[in-house]
Amino acid sequence: MSFTAEQIATVLNGTIEGDSSVVVNNFSRIEEGKPGTLTFLANPKYTHYIYSTNASIVLVNNDFVAEQPVRATLIRCFNAYAALAILLDMVEKTKPQKTGIEPMSYIAPDVKYGEDIYVGAFAYIAENVKIGDNTKIYPQVYIGDNVTIGDNTIIYPGVKIYQGCTVGNNCIIHAGVVIGSDGFGFAPEDGVYKKIPQMGIVIIEDDVEIGANTTIDRAVMDATIIHRGVKLDNLIQIAHNVEIGEDTVMAAQVGVSGSTKVGKHCVFGGQVGLGGHITIGDNASIGAQSGIISNIEAGSKILGSPAIPVRNFFKSSVVFPKLPDMYRQLAQLQKDIEELKSNLNK
């Protein structure tokens, strides 16, 4: 499909600078822009590419100030990155949508499902499952007994959803995700570890996206809960009885230990590790590879392992490379002081 700059600006409520009739039919990165494509500038690190890109249209923020001539047509908008997401979503919705139940899939006789669903080959849907309208279940998905799945949810190939779990509306669950596997619960007894049955479930609320090969364990009792709007990257481990607040985002390889409570609107960098039975306050930001072993107050910005406030971490990181020299200087000072003491005693 092709769109003019004028059509795009209308959708985004943006302002055009340049040729409003220029046409694009694809997207490109700004550093590799080609004629006939649309790109965007959101990160200041890429600003220099806007003067050389061959893309026909560039989305920019309203406050962008060009320091030299730009060949491309600019569309100024409230937020270039968010505007790109709107356009990509618009194009995605024009693609043909899969519907119907493919041969070689199994659906238990008592399953209740809505209109316009899709079930791919070799999917297995067990007893007493409920599936909403327009939900898509791709090949080789396993859905256990008594699972409930809402409307407009996409479940990609190889996902496993164990018995009793709930998935809300408008969710996206990527390939290889496991929801509702047993939590890591074992009680030491006479030198061996005895398994503690995990009797709870997992609840995934609306508008949640879960990245490939992420695992979310069922609760010992009650539920592990992923609240509305949470976005989880690939390869994340969520342990039993964890609760993650609304609109929190986690990058790849985050690990959350059992019974930890994470607040709303938190941001986690990659490979963050959270200890068990702690609370992370709302709006906390935790930098990559941080290790968290105690409660974190709302609004905190922390980094490191063990984590400390971001400002202190950066100050400390300046000192780290100097520590060997500082140690030698300290040792020399101690030696000098001992010599002075000895001379004074004499």
Side-chain angles (χ1 to χ4, degrees), residues 1-99 114-118 132-136 150-154 156 168-174 205-209 211 228-231 233 246-249 264-265 267:
M1 298 181 67
S2 298
F3 300 93
T4 66
E6 185 174 7
Q7 290 173 320
I8 294 169
T10 299
V11 170
L12 301 177
N13 196 26
T15 303
I16 298 173
E17 290 184 12
D19 183 3
S20 63
S21 64
V22 66
V23 176
V24 294
N25 58 17
N26 208 339
F27 299 89
S28 64
R29 296 190 299 173
I30 193 168
E31 65 269 35
E32 299 174 355
K34 299 176 182 178
T37 65
L38 176 144
T39 189
F40 73 106
L41 175 63
N43 189 330
K45 293 180 180 179
Y46 291 84
T47 299
H48 62 284
Y49 287 116
I50 199 170
Y51 306 113
S52 59
T53 187
N54 290 317
S56 298
I57 298 175
V58 182
L59 305 179
V60 297
N61 295 333
N62 284 325
D63 59 359
F64 170 73
V65 178
E67 298 179 351
Q68 52 185 289
V70 178
R71 295 196 304 268
T73 292
L74 302 183
I75 298 180
R76 295 183 178 274
C77 43
F78 66 101
N79 180 314
Y81 195 48
L84 177 72
I86 291 171
L87 296 179
L88 290 171
D89 183 63
M90 183 176 70
V91 172
E92 181 69 19
K93 287 178 179 177
T94 66
K95 294 180 179 179
Q97 300 295 311
K98 287 183 175 290
T99 58
E115 298 179 354
D116 298 322
I117 72 162
Y118 165 69
D133 296 338
N134 198 39
T135 283
K136 294 172 175 48
D151 300 335
N152 305 306
T153 286
I154 300 173
Y156 281 109
N169 303 316
N170 309 309
C171 294
I172 301 173
I173 303 175
H174 288 279
E205 294 187 346
D206 297 345
D207 305 310
V208 170
E209 182 160 352
R228 186 205 59 78
V230 168
K231 312 300 180 189
D233 199 358
E246 294 180 359
D247 295 304
T248 283
V249 295
K264 303 175 183 178
H265 302 283
V267 177

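The model shown is predicted, which means the values in this text are computed figures rather than measured ones.
- In this structure a side-chain-to-backbone donor-acceptor pair under 3.5 Å is present from N62 to C77.
- Neither side chain, N152 nor N169, offers a donor N or O lying under 3.5 Å from an acceptor on the other.
- We find the CG-CZ distance between N25 and F3 to be 10.0 Å, quoted to the nearest 0.5 Å.
- A salt bridge links R228 with E246; the closest basic N to acidic carboxylate O contact falls under 4.0 Å.
- The two atoms that bring R76 and N61 nearest to each other are NH1-O, 3.5 Å, heavy atoms only.
- When every heavy atom of E92 is checked against every heavy atom of Q97, the shortest pair comes out as O-NE2, 3.9 Å.
- Note: D206 CG to T153 OG1 = 7.5 Å, rounded to the nearest 0.5 Å.
- For K231, the NZ atom sits in a packed shell: over 12 heavy atoms of surrounding residues, nucleotides or ligands are nearer than 6.0 Å.
- By the neighbour-count criterion of 12 heavy atoms within 6.0 Å, atom CD of E6 is sparsely surrounded, having that number or fewer from other residues, nucleotides or ligands.
- Residues S21 and T4 are not in side-chain contact: their nearest non-hydrogen atoms beyond the backbone lie 4.5 Å or more apart.
- For the residue pair D19 and A5, the shortest heavy atom distance occurs at O-CB, 3.8 Å.
- Between T53 and I30, the closest heavy-atom pair is OG1-O, 2.9 Å.
- Distance check, rounded to the nearest 0.5 Å: OG1 of T37 to CD of E32 gives 10.5 Å.
- Heavy atoms from other residues, nucleotides or ligands lying under 6.0 Å from CG of N13 number 12 at most.
- Other residues, nucleotides and ligands contribute only 12 or fewer heavy atoms inside 6.0 Å of the OH atom of Y81.
- Around the OH atom of Y46, the shell of radius 6.0 Å holds no more than 12 heavy atoms that belong to other residues, nucleotides or ligands.
- Crowding of Q68 atom CD: a count of heavy atoms from other residues, nucleotides or ligands under 6.0 Å exceeding 12.
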message: Could you walk me through whether D116 and D133 satisfy the side chain to side chain contact (heavy atoms under 4.5 Å, CB included) test, starting with their C-alpha distance in whole Å, then the side-chain angles of each, then the deciding distance to 0.1 Å, before giving a yes or no?
response: CA-CA 6 Å; D116 298 322; D133 296 338; over 6 Å; no
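- At least one side-chain heavy atom of N54 sits under 4.5 Å from a side-chain heavy atom of R71.
- Side-chain contact check for V70 versus V60: every heavy-atom pair is 4.5 Å or farther apart.
- Ring planes of Y51 and F64: tilted class, angle from 30 to 60°.
- Taking the side chain as every heavy atom from C-beta outward, T73 and I16 approach each other to under 4.5 Å.
- Although no hydrogens or angles enter the test, the distance criterion places a donor-acceptor pair under 3.5 Å between the side chain of T39 and the main chain of S28.
- Rounded to the nearest 0.5 Å, atoms CD1 (I8) and CD1 (I75) are 5.0 Å apart.
- Shown here is E67, whose CD atom has no more than 12 heavy atoms of other residues, nucleotides or ligands within 6.0 Å.
- The nearest pair of heavy atoms linking I86 to F78 is CD1-CZ, 4.3 Å.
- Two residues are said to be in side-chain contact when any heavy atoms from C-beta on lie closer than 4.5 Å; F27 and L84 meet this criterion.
- Once rounded to the nearest 0.5 Å, the distance linking NZ of K264 with OG1 of T248 reads 10.0 Å.
- The shortest heavy-atom contact between L41 and V58 is N-CG1, 4.1 Å.
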